[in-house]
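This one's a predicted model, so the numbers in the text were calculated from it and none came from an experiment.
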Amino acid sequence: MKKLLQRLLLLVLVPALTLVTLPVRAQSGLISTEEVVTLAEVQVARDKLAGFLARDDVRHALEGHGVSSQEAAERVRAMSDAEVAHLAHRVDQLPAGGDVLGLVFAVFVILLVTDILGFTKVFPFTRSVR
């Protein structure tokens, strides 16, 4: 029995060890920084579109046009990288109520500068240069 087990082990291990020592042809290449950045930008754009499609108002608008949110997500996954980048850029260009904070900050800075220059007196903590 011991001799049979040794022969079986030799029949398995000798070819396995022989195959391990054979040279394997592997392909490798350098990836440029532009390619890595482009892949990262495309992934960010895909994530942005997925977040946009997950919003309730967008989902209701799509359903109003007869498109389910799952169909829209599948269509975005099927888009090419260039199409995703273009669509994400267009989504960024849409007017949204989320930019109110920037507007409020701009108005605050304008009023602050006019207070300092002495044209208005809105904030009590400013002193006019005049």
Which atom pair, heavy atoms only, marks the closest approach of Pro15 to Leu10?
-> CD-O, 3.8 Å
What is the minimum heavy-atom distance between Ala85 and Ala45, and which atoms define it?
-> CA-CB, 4.5 Å
Checking side chain to side chain contact (heavy atoms under 4.5 Å, CB included) for the pair Lys2/Gln6: CA distance, chi angles, key distance, verdict?
-> CA-CA 6 Å; Lys2 186 177 178 183; Gln6 285 177 344; 4.1 Å; yes
Please tell me if the side chains of Arg46 and Val42 come closer than 4.5 Å, counting only heavy atoms from C-beta onward.
-> yes
Asp81 side chain reached by Glu41 side chain, heavy atoms, under 4.5 Å = no
Hey, could you give me the NE2/NZ distance between His89 and Lys48, rounded to the nearest 0.5 Å?
-> 10.0 Å
Near Ile31 CD1, under 6.0 Å, is it more than 12 heavy atoms from other residues, nucleotides or ligands?
-> no
Just do the side chain to side chain contact (heavy atoms under 4.5 Å, CB included) check on Leu17 and Thr21 with the steps written out, would you?
-> CA-CA 7 Å; Leu17 290 174; Thr21 60; 5.9 Å; no
